[in-house]
Amino acid sequence: MSAKETIGKGISEKSNFIHQIIEKDLSEGKNQGRVLTRFPPEPNGYLHIGHAKSICLNFGTALKYGGVTNLRFDDTNPQKEEDEYVRSIMEDVRWLGFDWGDRLYYASDHFGKLYEFALKLIREGKAYVDDQDAATISNQKGTPTRPGTESPFRNRSVEENLRLFKAMKDGGFDEGHCVLRAKIDMSSPNMHMRDPILYRIMKTPHHRTGDQWVIYPMYDFAHGQCDFWEGITHSLCTLEFEVHRPLYDWFIDQLKEGDYRPQQIEFARLNLTYTVMSKRKLLELVRDKYVNGWDDPRMPTISGMRRRGYTPASIRNFAERVGVTKVEGISDVTLLEHSVREDLNKTARRVMGVLNPLKVIITNYPDNKTEKLEAINNPEDPDAGTREVPFGRELYIERDDFMENPSGKFFRLAPGREVRLRYAYFITCNEVVRDASGNVTALLCTYDPASRGGNSPDGRKVKATIHWISAPHALEAEVRLYDRLFTVEDLSEEKERDFKEFLNPESLVILPRSYVEPSLKDAAPLSHWQFERVGYFNVDPDSGPGRLVFNRTVALKDSWSKEKK
RNA sequence: UGUCCUGUGGUGUAAUUGGCAACACGUCUGACUCUGGAUCAGAAGAGUUCAGGUUCGAGCCCUGACAGGACAACCA
């Protein structure tokens, strides 16, 4: 199956300013009609929903215009990058439904050419070796409003620079002893043009090149050239690189021979309410154990969302919905959640699960009798068929579905009130059983045998239908309820306080003893289910033989919870 | 006292490139329903940051303000 079929129609149908630029380029015959994009993560962390937006944009755009997309790892800093991240990134991109085919690249593939290019700049008098330390160079940079000053080493001879740079490469200097800089303009209003550093010495083994190199190019010196060598036509990146573009263009000007040059177009990164998106902060949450790893279902990482039960289609649809612009804003997580419900509503099979059980005894139902009742697997999908659920004298219902003194618009079970048990019978609550301290421990009810299957022969109506599970058949399960990780909508507004102060203490609530119906006995890890009237859940990989663990992906929309407030 | 970027309902985006501001999410009604889900029907909500200008006509063009953001890592 091709990527396009996998993704299905819908992806990239909505246009945006980048598509408009590309359509104009295409109409003018630019790049011989070629569209080649790239997704260039640094393998120093796990991908998050913000990356998902970029992945959908890059791969989706190429797909839309008959082009392809390169996956390129920007691995120019061996101190931060690891193979574990490379693997997780590839897994996540594939899981999202995209395919880079054989176009897998690493910035480190281009180290040789980058070195040659640096040599060329030196020969042309456009780069020099600076022996000053980091602090000095930084001070000489000036500030955005004050011009910088030139390094005393700025005017070394070409020969000396060549000799020094080769010595850097050959390990002749310690880390930090010197760097290679471009000779551009120390008084440029654009800080990035003030003799940027091209190469630094780093005696750290690289995850791919080992100890072959002891000098490594800076990102700014690598990225644009990698695009160029790979033949990228449209280099889509986030807004903060806008000010870098003149520098990238400067490098390409020194490099290019014909008309071709990659075109960088910047778009706004994704921000989400109640969420942090910086890799640094996510790493901190993982490293200091505020969450249980990169794939903790509360994390906005792709692996976290996968474990939480979000689907690739829901994430793609979300990316499509938020669109692509240059306006920096914050998208509402509820839009993401809507996309998740929308997809799961169509595909997730319905089952019954009781989160907080309350025992119900049907006093007029025969002891030891069990019957099988037919239940629909998915009303949105007739092909999903039906299943049988066991029914008996003792059941569990949801504690929230009973209220001793029903208030306002509560129309579920209460003393003297009749409700329907989904797919089963009408029952009426007659008596409340309590323990010594007065807590409700069970309900004594009677059922109407004529209402079997949930229909009343006399046309009698009940206000509510509730879910239930036959007590002797119930499967015990651990249910993990997730809520937003942070308590404030927009973390970027809270500059004075540390983001961890806003962690939601109730972001994870574990219900150790919930019950689910027996059909879930062999539910596959990561499979999606709707617990009727409650929410969407999926099987956590922590499950094993005899142990079921469910994650609440997202709750169902619940107008009663609004009523309560 | 720099350079660059951006200002459209609560949020995210549109507006055939100068022609009565549209859509989605959310919100609120109502219908239907064996999920207080889904679905369906409808409503409220912006006159496009502000002030000028060009024009028969401006969210789109021009000028000037104002507001927000990015840029001063040997990070990416």
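Every chain is numbered from 1, with letters handed out A, B, ... down the list of sequences. Only a predicted model underlies this, so the values are computations on that prediction, with no experimental measurement involved.
- Geometric assessment of A:Arg412 against the ring of A:Phe402 yields a negative cation-pi assignment under the 6.0 Å and 45° thresholds.
- Across the protein-nucleic acid pair, A:Leu239 atom CG and B:G68 atom C1' stand 12 Å apart, rounded to whole Å.
- With respect to the salt-bridge test (charged N to carboxylate O, under 4.0 angstrom), the residues A:Arg387 and A:Glu374 do not qualify.
- Contact annotation for A:Glu240: backbone-only contact, meaning every heavy-atom pair under 4.0 Å involves sugar-phosphate atoms and none involves a base.
- In this structure a side-chain-to-backbone donor-acceptor pair under 3.5 Å is missing from A:Thr273 to A:Asp332.
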Q: Please step through ring pair (Phe, Tyr, Trp, His ring centres under 6.0 Å) for the pair A:Phe251 and A:Phe228, ending with a clear verdict.
A: CA-CA 10 Å; A:Phe251 288 136; A:Phe228 178 83; over 10 Å; no
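- Put simply, the side chain of A:Glu380 and the base of B:U39 share no donor and acceptor less than 3.5 Å apart.
- To the nearest whole angstrom, the two C1' atoms, one in B:C71 and one in B:G9, are 33 Å apart.
- For a distance-only test at 3.5 Å, the side chain of A:Arg146 fails to qualify as a donor-acceptor partner of the base of B:G2.
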**Q.** Summary of protein contacts for nucleotides 40-46 of chain B, nucleotide by nucleotide, where a base hit scores B, a sugar-phosphate-only hit scores S (4.0 Å, heavy atoms)
**A.** -------
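- Note that A:Lys326 lies outside the cation-pi zone of A:Phe267, set by a 6.0 Å cut-off to the ring centre and a 45° limit from the axis.
- The residue A:Asn455 sits close to a base: some heavy atom pair falls under 4.0 Å.
- At a cut-off of 3.5 angstrom, the base of B:U35 holds at least one donor-acceptor pair with the side chain of A:Arg350.
- Between the C1' atom of B:C75 and the NZ atom of A:Lys141 lies a distance of 12 Å, rounded to the nearest Å.
- At a cut-off of 3.5 angstrom, the base of B:G12 holds no donor-acceptor pair with the side chain of A:Glu320.
- Taking a pair as Watson-Crick or G-U wobble with both distances under 3.5 Å, RNA chain B forms stems of 3 or more consecutive pairs at B:2-7 with B:66-71, B:10-13 with B:22-25, B:27-31 with B:39-43, B:49-53 with B:61-65.
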